[in-house]
Amino acid sequence: MVTLLLDSTQLEVVLSPIERAATFHKKSLLIARDTITKVQLTDDAWTWLRGVPNPGTHIPGVLAAGSWKTAGAVDFVLIRRRRPSVVIDLEGDEQYGRLILTTSHGLALTQALRLDVSSEPADVEEIVLTAPTPTSTGRRRPVIRPRPA
């Protein structure tokens with residue numbers, strides 16, 4: 001499963017050696033934060049798959065990994081079986097238009113992207129766990145209950 005590191009300027013998708021071999025990538029992916037337009041969680045990433053692998057690995061229902069070309073864009077895909085995944089839409093990235101990644105840290109990613117983070121890369125799970133809990137500074141609204149009949 002991929003490791004997601006986030007800092008104030010970029011998202012880094014760290015691939016294991018096996019994932020690098022399956023995706024035909026030599027290094028981790030570096031995505032500028034300002035190119036991320038939408039992050040969606042999904043239980044079935046296979047429905048988001050579009051195009052054909054080029055280069056990539058495809059074993060239907062088991063593994064889809066690598067670059068997938070469509071008529072208008074190139075997607076980076078790393079899908080394993082039917083596990084929770086995250087779909088990240090990008091705009092203005094030079095390489096990809098969308099990332100589809102199987103990870104159990106999708107919710108932590110969406111929360112971490114909303115926070116101010118340091119300039120040092122950190123795992124999205126750690127960012128969310130160490131973030132201060134938001135507190136309300138305003139007055140509490142009174143509870144209005146119906147009158148008894």
Side-chain angles (χ1 to χ4, degrees), residues 1-138 140-141:
M1 202 166 303
V2 297
T3 301
L4 303 173
L5 302 178
L6 185 68
D7 66 20
S8 59
T9 60
Q10 67 186 7
L11 170 67
E12 182 177 357
V13 180
V14 180
L15 304 172
S16 70
I18 293 172
E19 292 167 340
R20 278 188 255 136
T23 60
F24 297 94
H25 273 71
K26 295 178 184 175
K27 300 179 184 177
S28 300
L29 292 173
L30 298 174
I31 306 296
R33 275 184 79 166
D34 58 354
T35 62
I36 298 173
T37 57
K38 190 185 331 179
V39 178
Q40 300 174 71
L41 304 176
T42 182
D43 287 331
D44 187 8
W46 294 95
T47 60
W48 290 89
L49 197 59
R50 60 185 183 179
V52 294
N54 188 15
T57 305
H58 186 220
I59 303 169
V62 177
L63 176 70
S67 297
W68 288 66
K69 288 192 177 185
T70 65
V74 178
D75 297 345
F76 179 81
V77 175
L78 186 53
I79 304 172
R80 292 185 180 163
R81 302 208 181 264
R82 301 227 184 266
R83 296 187 178 149
S85 302
V86 63
V87 179
I88 304 168
D89 288 326
L90 307 172
E91 189 173 307
D93 188 72
E94 12 182 276
Q95 266 190 307
Y96 300 109
R98 178 184 285 170
L99 306 177
I100 306 170
L101 307 168
T102 297
T103 179
S104 59
H105 305 301
L107 182 59
L109 174 64
T110 59
Q111 293 170 342
L113 284 170
R114 294 181 183 153
L115 300 172
D116 291 328
V117 295
S118 70
S119 59
E120 293 297 316
D123 191 299
V124 293
E125 283 286 313
E126 292 174 17
I127 291 172
V128 173
L129 290 175
T130 59
T133 306
T135 57
S136 175
T137 58
R140 290 186 54 182
R141 293 176 44 183

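As a basis for the values below, the full set of heavy atoms in this structure was taken, side chains included, without hydrogen atoms, waters or symmetry mates.
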Novice: What pairs with V52 under side chain to side chain contact (heavy atoms under 4.5 Å, CB included), at least two apart in sequence or on another chain?
Specialist: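 For V52, no residue satisfies side chain to side chain contact (heavy atoms under 4.5 Å, CB included) once neighbours in sequence are set aside.
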Novice: Return the CD to CD1 distance between E94 and I31, rounded to the nearest 0.5 Å.
Specialist: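 Reported value, rounded in 0.5 Å steps: 9.5 Å.
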Novice: As an exercise, state the distance from CG of L5 to CD of Q10, rounded to the nearest 0.5 Å.
Specialist: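 Rounded to the nearest 0.5 Å, the CG-CD separation comes out at 9.5 Å.
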Novice: Once you round to the nearest 0.5 Å, how far does CZ of R98 lie from CH2 of W48?
Specialist: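 Atom-to-atom, R98:CZ and W48:CH2 are 5.5 Å apart.
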Novice: Test side chain to side chain contact (heavy atoms under 4.5 Å, CB included) on S28 and R20 and set out the steps.
Specialist: CA-CA 8 Å; S28 300; R20 278 188 255 136; 5.7 Å; no
Novice: On a heavy-atom basis, which atom in S67 and which in Y96 lie closest, and how many Å separate them?
Specialist: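 Closest heavy-atom pair between S67 and Y96: OG-OH, 3.3 Å.
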Novice: Between T70 (side chain) and W68 (backbone), is there a donor-acceptor pair under 3.5 Å?
Specialist: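 It does not hold such a pair.
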Novice: What's the separation between atom CD in E19 and atom OG1 in T102, rounded to the nearest 0.5 Å?
Specialist: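 Answer for the CD-OG1 pair, E19 versus T102, is 9.5 Å.
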Novice: Any sub-3.5 Å donor-acceptor pair from T35's side-chain atoms to G92's backbone N or O?
Specialist: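 Flag not set: sc T35 to bb G92 has no pair under 3.5 Å.
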Novice: Please name the residue in the list T103, I36, L11 that meets the side-chain contact (heavy atoms from CB on, under 4.5 Å) test with L109.
Specialist: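 Among the candidates, only L11 passes.
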Novice: Going through the checks in order, is the side chain to side chain contact (heavy atoms under 4.5 Å, CB included) test met by T42 and V86?
Specialist: CA-CA 6 Å; T42 182; V86 63; over 6 Å; no
Novice: Between CZ of R81 and CG of L63, what distance do you get to the nearest 0.5 Å?
Specialist: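 If I round to the nearest 0.5 Å, the distance is 9.0 Å.
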Novice: Okay, side chain of T37, backbone of D89: is any donor-acceptor separation there less than 3.5 Å?
Specialist: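 Checked: pair present.
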Novice: Run the salt bridge (charged side-chain N to carboxylate O under 4.0 Å, His left out) test against R50 and tell me which residues pass, sequence neighbours left out.
Specialist: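 Salt bridge (charged side-chain N to carboxylate O under 4.0 Å, His left out) check on R50 returns D75.
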Novice: Quick check on side-chain contact (heavy atoms from CB on, under 4.5 Å): which of I100, L90, T23 does F76 satisfy it with?
Specialist: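 The option that passes is T23.
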Novice: To the nearest 0.5 Å, what is the distance between CZ on R82 and OG1 on T47?
Specialist: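 Result: 8.5 Å between the selected atoms.
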Novice: Check the pair T9 / R33 against side chain to side chain contact (heavy atoms under 4.5 Å, CB included), numbers first and verdict last.
Specialist: CA-CA 6 Å; T9 60; R33 275 184 79 166; 5.9 Å; no
Novice: Using side-chain contact (heavy atoms from CB on, under 4.5 Å) as the criterion, point out the one residue from T3, L4, D123 that pairs with V14.
Specialist: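 For V14, the side-chain contact (heavy atoms from CB on, under 4.5 Å) test succeeds with only one of T3, L4, D123, which is T3.
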Novice: Taking the basic N atoms (NZ, or NE/NH1/NH2) and the acidic carboxylate oxygens, is any pair closer than 4.0 Å for K27 and E12?
Specialist: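 So K27 does not pair with E12 through a salt bridge.
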